[in-house]
Amino acid sequence: MRLSSFFGQTLREVPAEADTVSHAMLLRAGYIRQLAAGLFSYLPPAWRSMRKIEQILREEMDAIGGQEMCMPVVHPAELWQQSGRWYEIGDPMARLKDRRGRDLVLAMTHEEVVASLCHTEIRSYRHLPQMVYHMQTKFRDEPRARGGLIRVREFVMKDSYSLDRDYAGLQAQYERHYDAYYRIGARCGVPLVAVQSDPGMMGGKMAHEFMYVSPIGEDALAICEETGYASNLEIAEFRKVPDDNGPPARLEKVYTPNTHTIEALAAFLGISMRQTGKMVFFVGDFGPETGEKLVVSVVRGDMEVNEVQLRYQSGARTLRSAEADEIAAAGAVPGYASPRGLDRSKTVIVVDDLVAASTNLVVGANEAGYHLRGANYGRDYEADLVAPIAAAYDGAPDPVAGAPMTLARGVEVGNIFQLGTRYSGSLGATFTDEKGAEHPIIMGSYGIGVGRMLACVAEEHSDKHGLDLPVSVAPWHVGLVSLARSGASKAKAEGLYQALLKAGVEVLYDDRAVSPGVKFADADLRGMPWRITISERSLKKGGVEFGRRRERPARIIALENVTEVATEAIAKAFKAIDRSLESLPTWATRKPHG
RNA sequence: CGGGGCGUAGCUCAGUCCGGUAGAGCACUGCGUUUGGGACGCAGGGGCCGUCGGUUCAAAUCCGGCCGCCCCGACCA
């Protein structure tokens, strides 16, 4: 491509809306432009990079037996009504009507369509196992798009779907995806970490998310380097050892004025926050029959509630923080609330297992200005449920060996779900076994966001001058900067460009009539891994300058050797990536709790 | 949906408090001089000041509604 006729500009200044590195750089380098919140145009460089990411995905999916196909973006509502998601998913699902008034949805994902295809294509166990995938635009009306390409509403996603007759087959396909996803991350230059995750809305049993660990990430992760335990904080477990607070003592009411918070209470009584029990109130929706109920959670005073666990354990469909009047309605005094003496008909009390196992905690007395000392679970208060509902914290002992875990943030680049029969069951996707009996197909689904991957590549590979992309993802391998002025030199530059093209080198040729500084700055910004500079000066020295993006001084290479040197450098870089794949984690070699 | 911030030229922003002829830098056009890290001079073009309404002799500026964008939270297949 020649820059003199190129579509798109670089930006000298950082647009006001960008506050992550990847967003700022992709904007400045002329990769993406925003149309509206969460809606982006991908300019030629970005689209070239995304096609390269797609090609990597394609190769890896094909390598584990995938077959690429294409499915519609607009679906009839009936499909989603059958799976139930038409009713379960609210605003994030974009709905529209066609000219006849028929309800349609914009696809958020394609489990339903795959399941419906199975109707006609999978009749027998002989047709299984299968794995199909596609790369397609999906739309999710997110409550809030953010971070440039990190979280958008319309995006291209690689989704694959495995179809098996049994869970052993599903497990095998799941494991193959696990390995493939590590390879995909490495080939794109983005280090990914698999963490256990909440199957959530997908409704399956096992799930992993592939995270790019970065402070810009939206998810919190708990990772133990020592044992390999890695989990989304939402479902992270940790080992709990109760403190020795002595044998159960007498329950006594103590005057504790102005101690609305655990900190104030502990300070007032001269005890540790660990010796207290903390009440956190939520309102849970328990479905049409039961309706809303106050969910009262009790965790140790130094810990926080894990809302995902609480929702799961309590059986609530959704949870939200309770308002003061809702708390009071159940007979609790905010600031001095007690698990004792609540209206049990209006509440669901969930006590963290650590609290239940701890003796002599200080809890509220349900009376302003008073707390109870020596509270013991079972003797002094009861619960509907004792369950692990405390959130893991930085340094918490991991559940495997008690080794300390670190909390980190991560961007979810991909995920793998064991769906089971969630969709095949409701949509009637069945097969017949050897004995003629009908069974629902066992499904798995596996996604990777292509644009989000690009954002992570940009986040990982840039400096203050711009993008510095890996050879596998860069839109062009080489930036050819021509500073030639004379007709003869210009002809040499032109000849070199043609020679590089002919040799299969992807080259962005800066043949514009602008000053050298502009050309260098643009080349740095656009992120090609190598730069070739041709000028009267370089020709006088015997050829052209060749080097890594900002390498100075660059090597002088004779004109006739340039294509060979460039081709070799590129091949070497690809080989280095291939070598790095050998030491990647796999399902087989991963530590047992990864 | 709750909290906060912001909408003025393609981009970054000043002007708004205190109402009175719409500005700068970059970008763009023309000419000339330059030419190895975002050159310089001269001359130009470009704005319904987000939008609707109100107050006023007069509104980018004051008041109200709405819309949009960004950040935090909620939510997140």
Side-chain angles (χ1 to χ4, degrees), chain A residues 8-20 23-24 27-28 30 33-39 80 83-86 88-94 105-112 138-148 150-153 155 157 159 197-204 207 209 216 218-219 232 234 282-283 307-308 311 317-321 323 412 415 417 419 422-423 445-447 449 465-466 481-486 489 510 512-525 531 533-541 544-545 549-550 552-554:
Chain A
Q9 302 296 327
T10 56
L11 267 33
R12 197 159 178 163
E13 283 166 293
V14 183
E17 72 261 22
D19 71 348
T20 59
H23 193 192
L27 244 17
R28 287 194 59 204
R33 295 291 179 248
Q34 182 166 335
L35 184 61
L39 304 176
W80 291 73
S83 73
R85 284 157 117 184
W86 172 266
E88 289 164 16
I89 300 174
D91 295 334
M93 184 190 288
V105 319
L106 282 184
M108 308 172 73
T109 172
H110 285 75
E111 281 80 10
E112 279 83 353
K138 318 221 168 186
F139 186 86
R140 297 177 189 179
D141 196 356
E142 298 287 350
R144 185 153 81 83
R146 74 186 101 180
I150 293 293
R151 187 171 202 78
V152 296
R153 296 193 295 168
F155 54 96
M157 187 147 164
D159 257 325
S197 68
D198 178 19
M201 208 55 188
M202 294 299 259
E209 290 166 340
I216 67 161
E218 301 182 89
D219 289 279
N232 194 305
E234 291 177 349
F282 298 89
V283 173
E307 283 191 45
V308 172
R311 188 180 69 213
R317 290 178 169 194
T318 60
L319 281 184
R320 62 174 171 84
S321 295
E323 306 288 336
E412 183 189 344
N415 52 38
F417 288 97
L419 297 175
R422 161 78 173 81
Y423 298 95
S445 84
Y446 317 83
H465 301 283
V481 173
S482 167
L483 307 180
R485 274 195 297 282
S486 74
S489 318
D510 198 342
R512 295 174 299 173
V514 297
S515 71
V518 172
K519 294 186 178 189
F520 289 135
D522 277 355
D524 289 349
L525 215 39
R531 182 199 296 167
T533 308
I534 182 166
S535 64
E536 271 80 22
R537 185 195 290 183
S538 76
L539 289 168
K540 210 168 286 170
K541 287 185 187 163
V544 304
E545 290 161 36
R549 171 165 160 276
R550 286 181 53 78
R552 269 186 298 177

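Every chain is numbered from 1, with letters handed out A, B, ... down the list of sequences. Since the structure is predicted, the reported quantities are computational estimates derived from the model, not experimental observations.
- Put simply, CZ on A/Phe520 is 15 Å from C1' on B/rA39, counting in whole angstrom units.
- For B/rU29, the paired base is B/rA43 (Watson-Crick or G-U wobble, both distances below 3.5 Å).
- A/Ala18 comes within 4.0 angstrom of no nucleic acid atom, judged by non-hydrogen atoms across all strands.
- Tested against A/Asp524 for a salt bridge (Lys or Arg N to Asp or Glu O under 4.0 Å), the candidates A/Arg552, A/Arg531, A/Lys519 yield a single pass: A/Arg531.
- Side chain of A/Arg552, nearest nucleotide from B/rC69, B/rG37, B/rC76: B/rG37.
- Pair assignment for B/rU56 gives none, since no Watson-Crick or G-U wobble pairing has each distance under 3.5 Å.
- The separation of B/rG19 from B/rA59, taken at their P atoms, amounts to 13 Å, rounded to a whole angstrom.
- No side-chain donor-acceptor contact under 3.5 Å links A/Glu142 to the backbone of A/Arg144.
- Between B/rG37, B/rC69, B/rA74, one nucleotide has an atom nearer to the side chain of A/Asp524 than all others, and that is B/rG37.
- Computed from coordinates, the A/Gln34 CD to B/rC69 P distance equals 8 Å when rounded to whole Å.
- One can place CD1 of A/Ile150 at 11 Å from P of B/rC71, the figure rounded to the nearest angstrom.
- Judged as a ring-ring contact (aromatic ring centres under 6.0 Å, His included), and not counting sequence neighbours, A/Phe282 has no contacts.
- Taking atom P in both B/rG4 and B/rC76, one finds a spacing of 24 Å when rounded to whole Å.
- Across the interface with RNA chain B, nearest-nucleotide mapping of A/Ala37 and A/Thr318 shows A/Ala37 to be the residue nearer the 5′ end.
- A/Gly147 comes within 4.0 angstrom of the backbone, heavy atoms only, and of no base.
- Residue-environment remark: CD (A/Glu536) exceeds the threshold of 12 foreign heavy atoms within 6.0 Å.
- Distance alone, capped at 3.5 Å, is enough to place a donor-acceptor pair between the A/Arg422 side chain and the A/Ser83 backbone.
- Distance check on atom P: B/rG65 versus B/rC72 gives 26 Å, rounded to whole Å.
- Atom name C1', nucleotides B/rC1 and B/rC17: the rounded distance is 33 Å, in whole Å.
- When all heavy atoms of A/Val481 and A/Ala523 are compared, the closest pair comes out as CG2-CB, 4.2 Å.
- Rounded to whole Å, atom P of B/rC69 lies 8 Å from atom CG of A/Leu39.
- Between B/rG7 and B/rA60, the two P atoms lie 16 Å apart (nearest whole Å).
- Residues A/Glu112 and A/Tyr423 come closest through the heavy atom pair OE2-CE2, 3.7 Å.
- Within 4.0 Å of A/Asp19, counting heavy atoms only, lie sugar-phosphate atoms of the nucleic acid but no base atom.
- Separating the CG atom of A/Leu525 from the C1' atom of B/rG37 is a distance of 13 Å, rounded to the nearest angstrom.
- Within 4.0 Å of A/Arg33, counting heavy atoms only, lies no atom of the nucleic acid at all.
- The residue A/Ser321 sits apart from the nucleic acid: no heavy atom pair falls under 4.0 Å.
- When the P atom is compared between B/rG20 and B/rC49, the two are found 15 Å apart, to the nearest whole Å.
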- Chi angles and distances behind the side chain to side chain contact (heavy atoms under 4.5 Å, CB included) call for A/Val105, A/Arg85: CA-CA 11 Å; A/Val105 319; A/Arg85 284 157 117 184; over 6 Å; no

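- Among the heavy atoms of the strands lying under 4.0 Å from A/Ala145 are primed sugar atoms or P, OP1, OP2 only; no base atom is included.
- As rounded to the nearest Å, B/rG5 and B/rG46 have C1' atoms that lie 29 Å from one another.
- Closest contact between the side chain of A/Arg485 and the listed nucleotides B/rC69, B/rU35, B/rA74 involves B/rU35.
- Across all strands shown, B/rU35 remains unpaired; no Watson-Crick or G-U wobble contact has both distances below 3.5 Å.
- Using a distance-only test at 3.5 Å, with no hydrogens or angles considered, no donor-acceptor pair links the side chain of A/Arg311 to the main chain of A/Thr318.
- Among the atoms of the strands shown, base atoms are found under 4.0 Å from some heavy atom of A/Glu545.
- Here A/Arg153 lies out of heavy-atom contact (under 4.0 Å) with every strand.
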Each nucleotide of nucleotides 5-16 of chain B classed B (base within 4.0 Å of a protein heavy atom), S (only sugar-phosphate) or -, in 5' to 3' order, makes ------BSS---

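- The partner of B/rC69 is B/rG5, judged by Watson-Crick or G-U wobble contacts that both fall below 3.5 Å.
- Checking A/Arg550 against A/Glu142, the closest nucleotide of RNA chain B that is more toward the 5' end is the one next to A/Arg550.
- Not one side-chain nitrogen or oxygen of A/Gln9 sits closer than 4.0 Å to the OP1 or OP2 atom of B/rC28.
- Protein atom CG of A/Asp510 is 13 Å distant from nucleotide atom C1' of B/rG37, rounded to whole Å.
- Nucleotides B/rA58 and B/rG53 have their P atoms positioned 16 Å apart, rounded to a whole Å.
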Candidate pair A/Glu412 and A/Asn232, rule side chain to side chain contact (heavy atoms under 4.5 Å, CB included), full reasoning = CA-CA 10 Å; A/Glu412 183 189 344; A/Asn232 194 305; 5.9 Å; no

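- Pair assignment for B/rG23 gives B/rC13, based on Watson-Crick or G-U wobble hydrogen-bonding distances that are each under 3.5 Å.
- Regarding contacts with the backbone of B/rU35, every side-chain N or O of A/Ser515 stays at 4.0 angstrom or more from both OP1 and OP2.
- Rounding to whole angstrom units, CD1 of residue A/Ile216 and P of B/rC71 are separated by 11 Å.
- Whole-Å rounding puts the A/Glu307 CD to B/rA74 P distance at 7 Å.
- One finds a side-chain N or O of A/Arg144 lying less than 4.0 angstrom from the OP1 or OP2 phosphate oxygen of B/rC72.
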